[in-house]
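Report on the structure given below.
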Amino acid sequence: MAANEPMRVLVTGAAGQIGYALVPMIARGVMLGADQPVILHMLDIPPAAEALNGVKMELVDAAFPLLKGVVATTDVVEACTGVNVAVMVGGFPRKEGMERKDVMSKNVSIYKSQASALEAHAAPNCKVLVVANPANTNALILKEFAPSIPEKNISCLTRLDHNRALGQISERLNVQVSDVKNVIIWGNHSSSQYPDVNHATVKTSSGEKPVRELVQDDEWLNAAFIATVQQRGAAIIKARKLSSALSAASSACDHIRDWVLGTPEGTFVSMGVYSDGSYGVPAGLIYSFPVTCSGGEWTIVQELPIDEFSRKKMDATAQELSEEKALAYSCLE
């Protein structure tokens with residue numbers, strides 16, 4: 001792409017609350033850099049068309065210098081045409097009293113149709129990030145129904161969990177969050193995920209120190225810390241009466257920015273990506289791994305030592321993902 005030619009960024013579910021938090025961040029250059037012009041493509045369902053138009057009006061009113069155009073539509077083909085980055089926020093939320101299978105079958109049909117539209121109309125090498133839950137399995141469905149999109153270009157968001165883990169360590173140690181790095185989220189973006197601090201470090205006045213050494217409380221790290229990160233989404237809903245939108249939007253920007261512009265030397269981040277069998281995770285799942293990014297490509301960080309405690313947790317979340325995959329496939333029959 002020519003330098004400073006605008007990149008087209010699709011946000012689905014754009015009239016929803018994550019979308020409302022996300023589109024100004026993209027328009028401000030938070031996602032793709034302060035010198036990268038963008039054209040926003042916003043998609044939502046017909047009942048949200050009027051609200052979507054209101055968001056478009058506000059984007060015009062904000063006079064963002066980097067924003068070179070806005071497409072606001074309920075037509076999936078128009079929304080997907082020529083996009084370089086697609087952030088899939090739209091999905092069918094689980095409502096009280098609904099069975100998981102019902103939610104799954106709604107999302108399977110949504111992601112099946114969006115996969116076809118992206119495959120036929122997105123720009124070559126379009127990067128796709130699935131945010132809507134069940135994110136890993138929605139991403140897997142999208143991959144299955146868009147076979148010509150390279151599997152390395154389809155990912156799901158676990159950066160929110162990664163950032164939550166960084167935040168918990170920073171609060172516990174009373175250090176800047178920017179000085180904490182290399183936590184890992186393994187597995188599913190659900191409460192079975194495994195937030196792992198065994199490879200995480202903190203920058204101190206006397207160099208980088210392992211998180212475990214500084215916290216000096218394995219009981220907390222192996223129990224309360226893990227549970228807090230796993231349940232953080234529920235805690236936000238309890239407090240706000242709405243799900244986390246600002247943090248989800250910010251993490252989606254982090255995920256795409258690192259993927260497109262690269263991770264800092266010596267730092268890895270968590271992304272839900274298509275498993276190749278690394279770390280004994282079954283191939284054919286979208287699973288969150290530690291990755292580094294360079295030249296627009298992610299690479300799984302290899303050969304990290306895995307202890308028995310971690311192994312069990314990594315296997316348990318893989319098992320849940322295998323069950324979700326089977327459930328999703330049964331919806332297709």
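Side chains included, hydrogens not; waters and symmetry mates left out as well; all remaining heavy atoms used. For this chain, numbers begin at 1 and follow the sequence in order.
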SB check [X] [Y] (cutoff 4.0 Å):
X: Asp102; Y: Arg94; result: no
X: Glu144; Y: Lys112; result: no
X: Asp217; Y: Arg172; result: yes
X: Lys312; Y: Asp315; result: no

More than 12 foreign heavy atoms under 6.0 Å from [atom1] of [X]: is that the case here?
X: Glu50; atom1: CD; answer: no
X: Lys203; atom1: NZ; answer: no
X: Tyr20; atom1: OH; answer: no
X: Lys241; atom1: NZ; answer: yes
X: Glu208; atom1: CD; answer: yes
X: Lys106; atom1: NZ; answer: no

Ring pair (Phe, Tyr, Trp, His ring centres under 6.0 Å) contacts in which one or both residues fall within residues 264-295, not counting sequence neighbours: Trp186-Tyr279, Tyr287-Phe289
Ring pair (Phe, Tyr, Trp, His ring centres under 6.0 Å): pairs with one or both residues in residues 196-253, sequence neighbours excluded: Trp220-Phe225
Are [Y] and [X] co-members of a hydrophobic cluster defined by side-chain heavy atoms under 4.5 Å apart?
X: Leu52; Y: Met25; answer: no
X: Leu129; Y: Ile39; answer: no
X: Val30; Y: Leu66; answer: no
X: Val177; Y: Val215; answer: yes
X: Leu246; Y: Leu160; answer: no

Heavy-atom closest contact ([X] atom, [Y] atom, distance):
X: Pro37; Y: Asn4; value: CG-O, 3.4 Å
X: Ala132; Y: Tyr111; value: CB-OH, 3.4 Å
X: Ile286; Y: Cys156; value: CG2-SG, 3.9 Å

Passing candidate, side chain to side chain contact (heavy atoms under 4.5 Å, CB included) with Leu118, options Thr81, Ile154, Val83: Val83
Decide yes or no for [X] and [Y]: does some side-chain heavy atom of the first lie under 4.5 Å from some side-chain heavy atom of the second?
X: Val131; Y: Met88; answer: no
X: Lys325; Y: Thr137; answer: no
X: Leu142; Y: Val130; answer: yes
X: Ile169; Y: Leu221; answer: yes
X: Met314; Y: Ile306; answer: yes
X: Asn136; Y: Leu285; answer: no

Report yes or no: do [X] and [Y] form a side-chain donor-acceptor pair below 3.5 Å?
X: Ser310; Y: Asn198; result: yes
X: Asp254; Y: Asn163; result: yes
X: Ser190; Y: Glu320; result: yes
X: Gln193; Y: Asn188; result: no
X: Arg212; Y: Asn222; result: yes
X: His189; Y: Ser288; result: no
X: Asn125; Y: Asn153; result: yes
X: Ser330; Y: Lys101; result: yes
X: Glu119; Y: Ser148; result: yes

Members besides Val71 in its Ile/Leu/Val/Met/Phe/Trp/Tyr cluster (side-chain heavy atoms under 4.5 Å): none
With rounding to the nearest 0.5 angstrom, report the [atom1] to [atom2] distance, [X] to [Y].
X: Leu40; Y: Leu22; atom1: CG; atom2: CG; result: 8.0 Å
X: Thr317; Y: Glu324; atom1: OG1; atom2: CD; result: 8.5 Å
X: Met104; Y: Glu99; atom1: CE; atom2: CD; result: 12.5 Å
X: Ile18; Y: Ser243; atom1: CD1; atom2: OG; result: 5.5 Å
X: Asp196; Y: Ile184; atom1: CG; atom2: CD1; result: 4.5 Å
X: Ile26; Y: Met42; atom1: CD1; atom2: CE; result: 10.0 Å

Working for side chain to side chain donor-acceptor pair (under 3.5 Å), residues Gln230 and Ser191: CA-CA 5 Å; Gln230 289 173 332; Ser191 57; over 6 Å; no
Evaluation steps, side chain to side chain contact (heavy atoms under 4.5 Å, CB included), between Arg159 and Met271: CA-CA 6 Å; Arg159 183 60 174 268; Met271 284 174 68; over 6 Å; no
Side chain to side chain contact (heavy atoms under 4.5 Å, CB included) evaluation trace for Gln302 with Ser278: CA-CA 8 Å; Gln302 296 294 346; Ser278 292; 2.9 Å; yes
From CA spacing to verdict: side chain to side chain donor-acceptor pair (under 3.5 Å), Thr73, Glu78: CA-CA 7 Å; Thr73 184; Glu78 185 185 5; 2.7 Å; yes
Worked check of side chain to side chain contact (heavy atoms under 4.5 Å, CB included) between Ile141 and Asn107: CA-CA 9 Å; Ile141 292 295; Asn107 281 298; over 6 Å; no
